[in-house]
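In what follows, a structure is listed as structure tokens, so that the remarks can point back to it.
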Amino acid sequence: MSDPYTRIYQAIADIPAGRVAGYGQIAMRAGLPGRARMVARALRDTPDDMELPWHRVLRSDGRIAFPEGSAGWREQSQRLRAEGVVVSRGRVPMSAFGLDADLDRALWGPPPA
DNA sequence: CCGATGACTCTGC
DNA sequence: CGCAGAGCCATCG
């Protein structure tokens, strides 16, 4: 349970439902700073029959990593919406659904309307 | 060893 | 906000 891939999968599995995280963040939590690309590889190699909330992993800007309109893009946005996450034009407001959303709100106050 | 690749990220314009 | 360029890193031929 200590090889990089396992830690990556673990970090992803730890993302609470209804929340999202960036590739870089996952790499960080897995003890692999600067390895966002390795997280991407891990996800690509993830067998479909493995239970993993891969849909909660987005780019640092909150955009879905798949090309807009692709099969994966559609499935990911659908899965996210199913959890109550707001997805508009393939983008998710990290300030509201990101892992540190609560901390951010506590420190910086609620997001402007 | 070298160059190419990619579910990435940051900076500048 | 969008685009281009450069950096980064494991993997592969």
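Labels below follow one simple rule: chain letters A, B, ... track the order of the sequence lines, proteins then strands, and each chain is numbered from 1. Just so it is clear, the model here is predicted, and its values are computed rather than measured.
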Query raised in the report: A:Asp3 has an atom CG; how far is it from atom P of C:dT11, in whole Å?
Result: 12 Å
Query raised in the report: Is there a side-chain polar atom (N or O) of A:Ser60 under 4.0 Å from OP1 or OP2 of B:dC8?
Result: no
Query raised in the report: So, A:Asp102 and A:Arg19, do they make that salt bridge, N to O below 4.0 Å?
Result: yes
Requested in this report: Write down the distance between CZ (A:Arg59) and P (C:dG2), rounded to a whole number of angstrom.
Outcome: 12 Å
Query raised in the report: Side chain of A:Arg37, base of B:dC8: donor and acceptor closer than 3.5 Å?
Result: yes
Report task. Could you tell me the separation between the CZ atom of A:Arg63 and the P atom of B:dT9, rounded to a whole number of Å? Result -> 12 Å
Query raised in the report: What is the distance, rounded to the nearest whole Å, between atom CG of A:Asp61 and atom P of B:dC10?
Result: 9 Å
Report task. Rounded to the nearest angstrom, tell me the gap between atom CE in A:Met50 and atom P in B:dA7. Result -> 17 Å
Query - Rounded interatomic separation in angstrom, taking CE from A:Met38 and P from C:dA10 - result: 7 Å
**Report entry** Interatomic distance at C1', C:dG13 relative to B:dA7, whole Å
**Finding:** 23 Å
Requested in this report: Using only side-chain N and O atoms of A:Arg35, determine if any of them is under 4.0 Å from OP1 or OP2 of B:dC8.
Outcome: no
Query raised in the report: Does the pair A:Arg56/A:Glu83 count as a salt bridge with the N-to-O cut at 4.0 Å?
Result: yes
Report task. Quickly work out the A:Arg44 CZ to C:dA10 C1' distance and round it to whole Å. Result -> 11 Å
Query - Spacing of A:Glu68 atom CD relative to C:dC1 atom P, expressed in whole Å - result: 14 Å
Query raised in the report: Is any NZ, NE, NH1 or NH2 atom of the basic residue among A:Arg41 and A:Asp45 found under 4.0 Å from an Asp or Glu carboxylate oxygen of the other?
Result: yes
Query - A:Gln78 side, atom CD; A:His55 side, atom NE2 - distance, nearest 0.5 Å - result: 11.0 Å
